[in-house]
> 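First, the structure itself, so that you have it in front of you.
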Amino acid sequence: MELSIAGQLNKIKQSLPPQVELVVVTKTHPVEKIQEVLDAGHAVFGENRVQEMVDKAAQLPDTVQWHLIGHLQTNKIKYIAAFVHLIHSVDSLYLLQEINRHAERHKRTINCLLQVYIAKEETKFGLSAEELNELLISDEFAELRHVRVIGLMGMASNVADEGIVRDEFKQLKKLFDSCKMELSQAADWKTLSMGMSSDYRVAIEEGSTLVRIGSAIFGNR
Ligand SMILES: *Cc1c(COP(=O)(O)O)cnc(C)c1O
């Protein structure tokens, strides 16, 4: 028999090591289904589209922590700046500067992850290792007071070969560790967002501290 949404959620939660945070990816799912996750005691959700996040946030309690996990356009920042908990998908200094500007307006500091390109596929967003380095050592980055970069996010190739996926996660963990060592704000670096339904077990073995899981809880979209 198939488990309910709450049943799947609890099974996954119990399997996660204590240091690994779970973001339940709610994209495409209606609020009635999301309510089942809330009722089961979990209130940390990820959406990949600004409009969908805003619509759902309006219908659900303020206690929900909203994570933006999809590509963010600068003209959409204003819709989420007041409440977003963590933006996983920052892939340029300009985007970070714009988030900073909106965060200041709302008198808050927005936590961000820098998205790194680790997959072989051309379509994935993210910074290269060189671009990441350049961003982190720039004077412009050092000036930002209303964003806090707390780590990295990456998506592995969507392939069946576990060896490829594992190598990509290894590469991201290595980058994460070297950034942490070299940065003056090293204490802030605590989040390595990697792993989704198909590959989160491998990601955890390779050092993930946050997994983003949708279909393993809700079923296929
Ligand atoms: C959709 C999505 C996920 C979750 O994918 P599942 O396969 O449903 O677990 C994780 N991360 C990002 C960036 C996504 O867009």
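Remember, it's 1-based here, ligands and their atoms both numbered in the order they're listed.
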> Less than 4.0 angstrom from a charged side-chain N to a carboxylate O is my criterion; do Lys56 and Glu52 meet it?
yes

> Is the closest N or O pair between Ser198 and ligand 1 shorter than 3.5 Å?
no

> Taking it one step at a time, do Glu206 and Lys173 satisfy salt bridge (charged side-chain N to carboxylate O under 4.0 Å, His left out)?
CA-CA 7 Å; Glu206 297 306 330; Lys173 173 67 158 76; over 6 Å; no

> How far is atom 14 (C) of ligand 1 from its nearest protein heavy atom, and which residue and atom is that?
Lys27 NZ, 3.0 Å

> Looking at every non-hydrogen atom in both residues, tell me the closest pair between Phe83 and Arg108 and how far apart they are.
N-NH1, 3.5 Å

> Among all protein heavy atoms, pick the one closest to atom 9 (O) of ligand 1 and tell me residue, atom and distance.
Ser197 OG, 2.5 Å

> Are any of the side-chain nitrogens in Lys27 or Glu47 under 4.0 Å away from the carboxylate oxygens of its partner?
no

> Please state which protein non-hydrogen atom is closest to atom 5 (O) of ligand 1 and give its distance, to 0.1 Å?
Met196 CE, 3.6 Å

> Could you tell me the residue and atom name of the protein heavy atom closest to atom 11 (N) of ligand 1, and the distance to it rounded to 0.1 Å?
Arg212 NE, 2.9 Å

> Going by distance alone, is a donor N or O of one side chain under 3.5 Å from an acceptor N or O of the other, for Asn10 and Gln14?
no

> Going by the atom numbers of ligand 1, which of them fall below 4.0 Å from some non-hydrogen atom of Met155?
13 (C)

> Show me which atoms of ligand 1 lie under 4.0 Å from any heavy atom of Ile213.
9 (O)

> Under 4.0 Å from any heavy atom of Ser215, which atoms of ligand 1 are there?
6 (P), 7 (O), 8 (O), 9 (O)

> Looking only at side chains, do His146 and Thr109 share a donor and an acceptor under 3.5 Å apart?
no

> Which residue holds the protein heavy atom closest to atom 12 (C) of ligand 1, what is that atom called, and what is the gap in Å?
Ile69 CD1, 3.5 Å

> Is there a donor-acceptor pair closer than 3.5 Å between any side-chain N or O of His42 and the backbone N or O of Leu22?
yes

